[in-house]
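Since this is a predicted model, take the numbers as computed values, not measurements. All heavy atoms count here, side chains included; hydrogens, waters and symmetry mates do not.
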Amino acid sequence: QEKLVESGGGAVQAGGSLKLSCAAAGARSSISTVGWFRQAPGKEREFVASIRTDYIKTYSDSVKGRFTISQDNAKTTVYLQMNSLKPEDTAMYYCGSARQWLGGTRATDFRNFYLWGQGTQVTVSS
(Lines give C-alpha, C1' and ligand atoms only; values in the text may rest on other atoms or scores of the structure.)
Protein backbone atom coordinates (compact mmCIF):
# COMPACT_ATOMS: atom_id res chain seq x y z
CA GLN A 1 0.00 0.00 0.00
CA GLU A 2 1.40 3.38 -1.02
CA LYS A 3 1.83 5.85 1.77
CA LEU A 4 3.51 9.20 2.42
CA VAL A 5 4.58 10.23 5.92
CA GLU A 6 5.70 13.77 6.75
CA SER A 7 7.80 14.69 9.76
CA GLY A 8 10.02 17.48 11.04
CA GLY A 9 7.52 20.21 11.78
CA GLY A 10 7.63 22.28 14.94
CA ALA A 11 7.61 25.74 16.43
CA VAL A 12 10.43 28.19 15.77
CA GLN A 13 11.06 31.89 15.97
CA ALA A 14 11.27 34.08 12.90
CA GLY A 15 14.62 33.66 11.20
CA GLY A 16 14.94 30.07 12.34
CA SER A 17 15.15 26.86 10.32
CA LEU A 18 13.35 23.56 10.04
CA LYS A 19 13.84 20.51 7.83
CA LEU A 20 10.78 18.56 6.79
CA SER A 21 10.87 14.98 5.52
CA CYS A 22 8.44 13.11 3.31
CA ALA A 23 9.00 9.37 3.35
CA ALA A 24 7.38 7.17 0.73
CA ALA A 25 6.42 3.58 1.44
CA GLY A 26 4.87 0.98 -0.81
CA ALA A 27 4.95 1.41 -4.59
CA ARG A 28 7.71 4.03 -4.62
CA SER A 29 8.52 3.28 -8.27
CA SER A 30 5.18 4.75 -9.33
CA ILE A 31 6.12 8.22 -8.02
CA SER A 32 7.66 10.67 -10.50
CA THR A 33 7.06 14.01 -8.78
CA VAL A 34 6.79 14.93 -5.11
CA GLY A 35 5.45 18.29 -4.08
CA TRP A 36 5.24 20.20 -0.84
CA PHE A 37 2.13 22.26 -0.24
CA ARG A 38 0.94 24.18 2.79
CA GLN A 39 -2.41 25.25 4.11
CA ALA A 40 -3.10 27.85 6.76
CA PRO A 41 -6.47 28.00 8.55
CA GLY A 42 -9.12 29.52 6.32
CA LYS A 43 -6.85 29.53 3.27
CA GLU A 44 -6.48 27.34 0.21
CA ARG A 45 -3.73 24.78 -0.17
CA GLU A 46 -0.70 26.62 -1.51
CA PHE A 47 2.19 25.25 -3.57
CA VAL A 48 5.63 25.47 -1.94
CA ALA A 49 8.09 23.35 -3.94
CA SER A 50 8.32 20.18 -6.01
CA ILE A 51 10.99 17.82 -7.25
CA ARG A 52 10.96 15.21 -9.98
CA THR A 53 12.88 11.95 -10.04
CA ASP A 54 15.06 13.57 -12.73
CA TYR A 55 15.88 16.26 -10.15
CA ILE A 56 14.00 19.11 -11.84
CA LYS A 57 12.82 21.46 -9.09
CA THR A 58 10.12 24.11 -8.94
CA TYR A 59 9.65 26.72 -6.21
CA SER A 60 6.99 29.23 -5.40
CA ASP A 61 8.16 32.84 -5.48
CA SER A 62 7.36 33.23 -1.79
CA VAL A 63 9.96 30.65 -0.73
CA LYS A 64 12.56 30.92 -3.48
CA GLY A 65 15.99 31.56 -1.98
CA ARG A 66 14.88 30.45 1.49
CA PHE A 67 13.66 26.88 1.01
CA THR A 68 15.47 24.00 -0.68
CA ILE A 69 13.86 20.77 -1.83
CA SER A 70 15.96 17.64 -2.24
CA GLN A 71 15.67 13.86 -2.32
CA ASP A 72 17.87 11.02 -1.19
CA ASN A 73 19.70 8.82 -3.70
CA ALA A 74 17.16 6.03 -3.28
CA LYS A 75 14.40 8.57 -4.00
CA THR A 76 12.41 7.27 -1.07
CA THR A 77 12.54 10.46 0.97
CA VAL A 78 12.07 14.08 -0.09
CA TYR A 79 13.29 16.87 2.15
CA LEU A 80 12.33 20.51 2.49
CA GLN A 81 15.00 22.62 4.16
CA MET A 82 13.39 25.83 5.34
CA ASN A 83 15.63 28.73 6.33
CA SER A 84 14.89 32.34 7.28
CA LEU A 85 11.40 31.36 8.33
CA LYS A 86 8.77 34.06 8.59
CA PRO A 87 5.47 34.14 10.52
CA GLU A 88 3.63 33.93 7.20
CA ASP A 89 5.20 30.48 6.66
CA THR A 90 3.02 29.18 9.48
CA ALA A 91 0.80 26.40 8.12
CA MET A 92 0.21 22.69 7.94
CA TYR A 93 2.68 21.30 5.41
CA TYR A 94 1.71 18.36 3.22
CA CYS A 95 3.64 16.34 0.70
CA GLY A 96 1.91 14.86 -2.30
CA SER A 97 3.02 12.52 -5.07
CA ALA A 98 2.24 12.29 -8.76
CA ARG A 99 2.83 9.45 -11.21
CA GLN A 100 3.91 11.85 -13.97
CA TRP A 101 6.74 14.28 -14.28
CA LEU A 102 5.16 17.62 -13.53
CA GLY A 103 6.70 20.95 -14.45
CA GLY A 104 5.73 24.60 -14.70
CA THR A 105 2.20 25.38 -13.61
CA ARG A 106 1.24 21.71 -13.56
CA ALA A 107 3.68 21.15 -10.68
CA THR A 108 2.00 23.90 -8.68
CA ASP A 109 -1.57 22.54 -8.92
CA PHE A 110 -2.42 20.25 -6.01
CA ARG A 111 -5.08 18.53 -8.13
CA ASN A 112 -2.31 16.82 -10.12
CA PHE A 113 -1.08 14.98 -7.02
CA TYR A 114 -2.95 11.79 -6.11
CA LEU A 115 -1.44 10.64 -2.82
CA TRP A 116 -1.03 12.79 0.30
CA GLY A 117 0.51 12.48 3.71
CA GLN A 118 -1.18 13.46 6.96
CA GLY A 119 0.70 16.76 7.23
CA THR A 120 3.13 18.29 9.70
CA GLN A 121 2.55 21.60 11.47
CA VAL A 122 5.01 24.48 11.16
CA THR A 123 4.54 27.46 13.44
CA VAL A 124 6.77 30.54 13.19
CA SER A 125 6.49 33.20 15.86
CA SER A 126 7.62 36.79 15.48
Side-chain angles (χ1 to χ4, degrees):
Q1 182 180 1
E2 296 177 75
K3 188 177 179 181
L4 297 177
V5 179
E6 302 99 332
S7 62
V12 296
Q13 291 191 326
S17 299
L18 284 172
K19 187 173 184 178
L20 306 184
S21 298
C22 173
R28 177 63 185 88
S29 60
S30 67
I31 297 174
S32 295
T33 304
V34 174
W36 282 100
F37 291 75
R38 63 189 182 188
Q39 189 165 18
K43 294 189 176 182
E44 293 188 350
R45 190 163 295 195
E46 174 191 20
F47 171 74
V48 176
S50 68
I51 187 168
R52 303 183 342 185
T53 50
D54 63 348
Y55 296 94
I56 297 295
K57 303 174 185 180
T58 305
Y59 293 96
S60 71
D61 289 342
S62 63
V63 307
K64 202 172 293 183
R66 299 189 298 125
F67 292 10
T68 302
I69 191 169
S70 62
Q71 59 191 349
D72 64 357
N73 290 336
K75 300 175 185 175
T76 58
T77 303
V78 170
Y79 304 98
L80 185 68
Q81 177 66 48
M82 307 186 295
N83 298 328
S84 302
L85 282 162
K86 304 175 181 179
E88 50 264 44
D89 294 318
T90 295
M92 184 72 80
Y93 282 69
Y94 299 91
C95 65
S97 63
R99 293 191 176 97
Q100 312 90 349
W101 277 348
L102 300 177
T105 55
R106 293 186 68 222
T108 68
D109 189 341
F110 71 88
R111 294 169 296 183
N112 291 322
F113 294 80
Y114 75 98
L115 180 67
W116 294 92
Q118 81 290 348
T120 185
Q121 178 68 38
V122 172
T123 302
V124 185
S125 58
S126 58

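- Using modelled atom types and a 3.5 Å distance limit, the side chains of E46 and S60 yield no donor-acceptor pair.
- Every pair passing salt bridge (Lys or Arg N to Asp or Glu O under 4.0 Å) that includes a residue from residues 111-120 is listed here, sequence neighbours excluded: D109-R111.
- With rounding to the nearest 0.5 Å, the separation of NZ in K57 from CD in Q71 is 8.0 Å.
- A distance-only check finds a donor-acceptor pair linking the side chain of T33 to the backbone of L102 [under 3.5 Å].
- In this structure, V48 is a member of the same hydrophobic cluster as V34, with clusters built from ILVMFWY side-chain heavy atoms closer than 4.5 Å.
- Pairs passing the disulfide bond (SG atoms under 2.5 Å apart) check and including a residue from residues 81-126, sequence neighbours excluded, read C22-C95.
- The shortest heavy-atom contact between S126 and A14 is CA-CB, 4.3 Å.
- Scanning all heavy atoms of the two residues, the minimum distance from G9 to L18 falls at C-CD1, 4.5 Å.
- Interatomic distance, F113 CZ to S97 OG, rounded to the nearest 0.5 Å: 8.5 Å.
- Applying the salt bridge (Lys or Arg N to Asp or Glu O under 4.0 Å) rule to pairs touching residues 81-97 yields R38-D89, R66-D89, sequence neighbours excluded.
- Heavy atoms only, all atoms of each residue included: K64 and D61 are closest at NZ-OD1, 3.3 Å.
- Closest of all the heavy-atom pairs between A40 and A91 is N-CB, 3.9 Å.
- Under a hydrophobic-cluster definition in which Ile, Leu, Val, Met, Phe, Trp and Tyr are linked whenever side-chain heavy atoms come within less than 4.5 Å, directly or via other members, V12 and F67 are assigned to the same cluster.
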Take I31 and T53 through the test side chain to side chain contact (heavy atoms under 4.5 Å, CB included) and record every step on the way to the result. CA-CA 8 Å; I31 297 174; T53 50; 5.6 Å; no
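- Sorted by first then second residue, the side-chain hydrogen bond (donor to acceptor under 3.5 Å, both in side chains) pairs that include residues 4-23, not counting sequence neighbours, are S17-N83.
- Annotation: ring-ring contact (aromatic ring centres under 6.0 Å, His included) contacts of F47 (sequence neighbours excluded): F37.
- Listed for the T90 side chain is a donor-acceptor partner under 3.5 Å among the backbone atoms of V124.
- To the nearest 0.5 angstrom, N112 atom CG is 13.0 Å from R99 atom CZ.
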Between L4 and Y94, does a side chain to side chain contact (heavy atoms under 4.5 Å, CB included) hold up when you go through it step by step? CA-CA 9 Å; L4 297 177; Y94 299 91; over 6 Å; no
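- A side chain to side chain contact (heavy atoms under 4.5 Å, CB included) with Y59 is found for one member of T108, T68, I51 and no other, namely T68.
- Expressed to the nearest 0.5 Å, how far CG of L20 lies from CD of Q121 amounts to 10.5 Å.
- Two different hydrophobic clusters hold M92 and I69 under the rule that ILVMFWY side chains link at heavy-atom gaps under 4.5 Å.
- Partners of S84 according to the side-chain hydrogen bond (donor to acceptor under 3.5 Å, both in side chains) rule, which considers only residues two or more places apart in sequence or in another chain, do not exist here.
- Residues W36 and M82 have side chains not in contact (no heavy-atom distance under 4.5 Å, counting atoms from C-beta outward).
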Apply side chain to side chain contact (heavy atoms under 4.5 Å, CB included) to W101 and I56, showing your working. CA-CA 9 Å; W101 277 348; I56 297 295; over 6 Å; no
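- Scanning both residues, G8 and T120, for their nearest heavy atoms gives N-OG1, 4.1 Å.
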Mind running side chain to side chain contact (heavy atoms under 4.5 Å, CB included) on L80 and V63 for me, showing each step along the way? CA-CA 11 Å; L80 185 68; V63 307; over 6 Å; no
